[in-house]
Amino acid sequence: MFCFQCQETAKGTGCTIQGVCGKKAETSRWQDLLLGVVRGVATISDSLRNAGIKSSQEVGDYIVDALFATITNANFDDQAILNKVDNGLRIKRKLIVLAKEHNVTLPNYQEVNWGGEKSDYEAEGEREGVLRTENEDLRSLKELTVLGLKGMAAYYEHASRLNERNENIIAFIEKSLAIVSNPEADMDTLLATVMETGKFGVDAMALLDKANTQAYGNPELTKVNIGTGSRPGILISGHDLKDIEQLLEQTEGTGVDVYTHGEMLPAHYYPQLKKYKHLVGNYGNAWWKQKEEFETFNGPIIFTTNCIVPPSPKASYKDRVFTTNATGFPGWKHILADENGHKDFSEVIEIAKTCKAPTAIEQGEIIGGFAHAQVFALADQVVEAVKSGAIRKFVVMSGCDGRMKSRDYYTEFAAQLPKDTVILTSGCAKFKYNKLNLGDINGIPRVLDAGQCNDSYSWAVVALKLKEIFGANDINDLPIEFNIAWYEQKAVIVLLALLYLGIKNIHIGPTLPAFVSPNVLNVLVENFGLGGITSVEEDLKNMVG
Ligand code: FSO
Ligand code: SF4
């Protein structure tokens, strides 16, 4: 196996024996096979599109779901991955027939030509790995694109579950996968594709923002309980708001409470979700602490997306975990939606009724809900604080959390920021500093949480608004610094989106991605001033003076 897609990759270069995340070599091979099939389907669909033949919604939904399933910590279930391979080959055959009927010539790529024989799955999985591209710079640009597309696909899938789709985004995903499949693709084409990925990343985040706010209202300033109640609970993790909505509907009046975990915390900020009285609070912290925190939760757990940490064999909770959407884990029950998108959580609810109430591991409240509409509602206050000098700088500290010790940097950086600075956060990175009680500036909390990692979109919207209010010529003239923590591929699309919006001098850490080759890094440094992190002291000096 060779996988270098996340920040925790072995030795900072690539996992070759087994994933640091727990992904087995075999699973990795099936994921490589799946990605090869997806590129084949996308390339054929792109050729059909270019010939004026639009493909069906099934094709777009398939590509999106399959990309999502290969994100770090999303799906560890070989059988589920292989089912997606089989389904992709079925779609591919249909598209080939369509191409023949319309005399469309298809590109002569391995991904298109491969016949899909079961006996050849293993060999094709090996052939389609990341190392198939020998030149490290071409490989780097191809992977930057594909990894960005994976993040984009995740956001698109959530939006589509709320019936928001965008054919232009699907057409771009197909086009860019066709470019990545082309063994002749050159540096310039690939670089342009990377940048365009950022553009469509913005569109995908905007689409999800629209879907979420239309369905559930605009996030609003909310205090979230981090303690526990006395009734049994269900813990719901991941990013899919449609799932938590259905769970809240189905648990109402059953005597079972609902708690959010990790990236589901922002569900509390939405008027149409927070209205449920039995949405009691948020339990625990970022994804990587789940092995200990699930032990004390005592009730069933639902994963709506990554990040799953494989449980230890002795884990007491391992028989009451459920997955849904693109996620999966061997032995865990997977909940499917019916043709109307409805999911039946009755089995989870019945298990919950037999469980003890969660054991409290924390007490108190955290505050959040500062997505763009809430920030705009406070705009006068914010602008006044900037003009009076009460707020000297904003620091965007969005992104992911992770288990590496080096991430203590973010807690220390947040704690040591001068009192006239405000942290703008989103994503699970917030758990590194959202319980530090950093106070407020004239009533404006010093940590403003917009929501999930996709809500980084809100900070882009806010930055553009501030540019307008302050009459700045360039977004980079505003008193905003970007110090982003990354872990998996959703952070890649967020980063590409920020670059597309023209934001310069972004710092990413705790380490630079293994999939960015030295030459590609040079391009990003020269054009965008992209940089890593150093020490807390040094970076504080450089970023906030
Ligand atoms: Fe975190 Fe995991 Fe949102 Fe990611 S829970 S790491 S970037 O999946 O998606 O922030
Ligand atoms: Fe390694 Fe990360 Fe890939 Fe897992 S996702 S195999 S930890 S690079």
For residues 452-485, pull every pair meeting ring pair (Phe, Tyr, Trp, His ring centres under 6.0 Å), keeping only residues two or more places apart or in separate chains.
none

Does the distance from a Lys or Arg side-chain N to an Asp or Glu carboxylate O, for [X] and [Y], drop under 4.0 Å?
| X | Y | value |
| --- | --- | --- |
| Arg39 | Glu174 | no |
| Glu468 | Lys465 | yes |
| Asp61 | Arg161 | no |
| Lys199 | Asp203 | yes |
| Glu8 | Arg403 | yes |

What residues, two or more places apart in sequence or in another chain, satisfy side chain to side chain contact (heavy atoms under 4.5 Å, CB included) together with Thr534?
Glu538, Asp539

Once side chain to side chain contact (heavy atoms under 4.5 Å, CB included) is applied, do any residues pair with Pro266, and if so which ones, sequence neighbours excluded?
Tyr269, Lys430, Gln452

Taking only residues at least two apart or on different chains, which pairs with a member in [range] satisfy salt bridge (Lys or Arg N to Asp or Glu O under 4.0 Å)?
| range | result |
| --- | --- |
| residues 469-498 | Lys393-Glu481 |
| residues 91-109 | Glu58-Lys94 |
| residues 177-197 | Lys175-Glu196 |

Can the ring centres of Phe303 and His239 be said to be less than 6.0 Å apart?
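They do not qualify: ring centres at least 6.0 Å apart.
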
Within the structure provided, determine whether Ser181 and Val112 are in side-chain contact (heavy-atom separation under 4.5 Å).
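No, side chains not in contact.
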
Is a side-chain donor or acceptor of Gln31 paired with a backbone partner of Asn75 at a separation under 3.5 angstrom?
yes

So, Asp455 side chain and Ser458 main chain: donor-acceptor pair closer than 3.5 Å or not?
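Pair absent, no side-chain N/O of Asp455 close to backbone of Ser458.
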
Walk me through it: do Ile173 and Tyr156 pass the test side chain to side chain contact (heavy atoms under 4.5 Å, CB included)?
CA-CA 11 Å; Ile173 293 177; Tyr156 188 93; 5.5 Å; no

Look at the rings of Phe376 and His372 and say which category their plane angle falls in: under 30° parallel, 30 to 60° tilted, over 60° perpendicular.
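Correct class here is tilted.
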
In terms of relative ring orientation, are Trp114 and Tyr121 parallel, tilted or perpendicular, with 30° and 60° separating the classes?
tilted

May I ask you to establish whether Lys23 and Phe76 are in a cation-pi arrangement, using a distance under 6.0 Å from NZ or CZ to the six-membered ring centre and at most 45° from the ring axis?
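The answer is no, since Lys23 fails at least one limit relative to Phe76.
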
For a side-chain hydrogen bond (donor to acceptor under 3.5 Å, both in side chains) check, start with the C-alpha distance between His507 and Asn483, then their side-chain angles and the critical distance, and finish with the verdict.
CA-CA 5 Å; His507 296 261; Asn483 193 2; 5.5 Å; no

List the atom of Asp32, the atom of Glu128, and the distance in Å for their closest heavy-atom pair.
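Answer, listing the atom of Asp32 first, then Glu128: O-CB, 3.5 Å.
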
